[in-house]
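A quick note: this is a predicted structure, and the numbers were derived from the prediction, not measured.
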Amino acid sequence: MLDAPDPAQKKRLIIGVLVWAAGWALGLGLVPLVNGSDLADGLKATINGILLLGFPKLFLVFAVAIMGKPGFAYLKRLIASHFKRFAPPATVSPLRYRIGLIMFVSLIVLGSIGPYIAPDALPTLQENRRAFAMAGDALLVVSLFVLGGDFWDKLRALFIREARVVFDK
């Protein structure tokens, strides 16, 4: 279980979380002001990128400095303990694995070659392209959870050059 921080550490933890949240709020809050300004579009995009990507990271550095290494480690453990129940199981049944694999592959194939094969076959697809794309992306993420933790390791191994396949005999 998680050890509760002492009162001084708890105070620094709360201040650190507030600083991090303030970075997000400041970044998100200034975007409408930048968009409503008379600046050039390229400059608006650059400033918005800094606000949405740079501000939260910068304020996270400030928050970690305030919390200290033990406070940040405690916060990470606390957050991870709440999300642990959503983690996929390490191994899944063969049927569940096949269903997840069919979902995973079919969504990638349909998303990649679908617009080239039948662009006019589904008029609804053309009218609601963004909704279909978001639904496909969500189903792709769901398929990763259906496939289970072993598949996550296989997917991760694709990006490790030294990874080797070992088949059980």
Side-chain angles (χ1 to χ4, degrees), residues 20-21 23-61 63-64 72-73 75-169:
W20 182 60
W24 273 104
L26 187 61
L28 291 172
L30 291 176
V31 168
L33 294 174
V34 172
N35 286 339
S37 69
D38 294 333
L39 299 172
D41 289 342
L43 186 58
K44 285 182 187 180
T46 302
I47 293 172
N48 283 337
I50 291 169
L51 288 174
L52 293 175
L53 299 175
F55 266 41
K57 294 286 184 191
L58 180 66
F59 277 74
L60 178 63
V61 170
V64 171
F72 186 66
L75 184 63
K76 281 185 4 182
R77 284 192 314 270
L78 183 68
I79 292 171
S81 70
H82 287 295
F83 285 104
K84 196 167 198 89
R85 62 184 167 145
F86 298 114
T91 58
V92 295
S93 70
L95 177 65
R96 179 174 167 175
Y97 188 82
R98 287 185 189 111
I99 290 170
L101 200 56
I102 289 169
M103 288 172 62
F104 183 77
V105 172
S106 63
L107 286 166
I108 290 176
V109 169
L110 289 175
S112 300
I113 65 172
Y116 298 109
I117 292 176
D120 299 325
L122 295 172
T124 308
L125 176 66
Q126 297 302 322
E127 296 167 8
N128 303 310
R129 186 177 302 224
R130 182 170 290 156
F132 275 96
M134 289 186 343
D137 291 344
L139 285 173
L140 189 65
V141 171
V142 167
S143 75
L144 291 174
F145 281 91
V146 171
L147 282 163
D150 286 344
F151 188 79
W152 285 84
D153 293 337
K154 293 173 189 175
L155 194 61
R156 183 176 163 265
L158 287 174
F159 300 98
I160 300 173
R161 190 183 68 80
E162 295 85 14
R164 299 283 181 253
V165 176
V166 178
F167 292 105
D168 295 332
K169 293 185 179 188

In Å, rounded to the nearest 0.5 Å, how long is the span from [atom1] of [X] to [atom2] of [Y]?
| X | Y | atom1 | atom2 | value |
| --- | --- | --- | --- | --- |
| Leu58 | Leu26 | CG | CG | 10.0 Å |
| Leu158 | Lys154 | CG | NZ | 11.0 Å |
| Asn48 | Leu53 | CG | CG | 10.0 Å |
| Ile102 | Ser143 | CD1 | OG | 11.5 Å |
| Asn35 | Leu30 | CG | CG | 11.0 Å |
| Leu144 | Leu155 | CG | CG | 6.5 Å |

Query raised in the report: Can you list every ring pair (Phe, Tyr, Trp, His ring centres under 6.0 Å) pair that touches residues 29-49, not counting sequence neighbours?
Result: none
For [X] versus [Y], what's the shortest heavy-atom pair and its separation?
| X | Y | result |
| --- | --- | --- |
| Gly23 | Phe55 | O-CB, 4.0 Å |
| Ala157 | Ala163 | O-CB, 3.6 Å |
| Leu107 | Gly136 | CD1-O, 4.0 Å |
| Met103 | Val142 | CE-CG1, 4.0 Å |

Report task. Give a yes or no answer on whether the side chain of Ser112 reaches the backbone of Val109 with a donor-acceptor pair at less than 3.5 Å. Result -> no
Is there a side-chain contact between [X] and [Y], using heavy atoms and a 4.5 Å cut-off?
| X | Y | result |
| --- | --- | --- |
| Leu147 | Val92 | no |
| Phe151 | Leu101 | yes |
| Asp41 | Lys44 | yes |

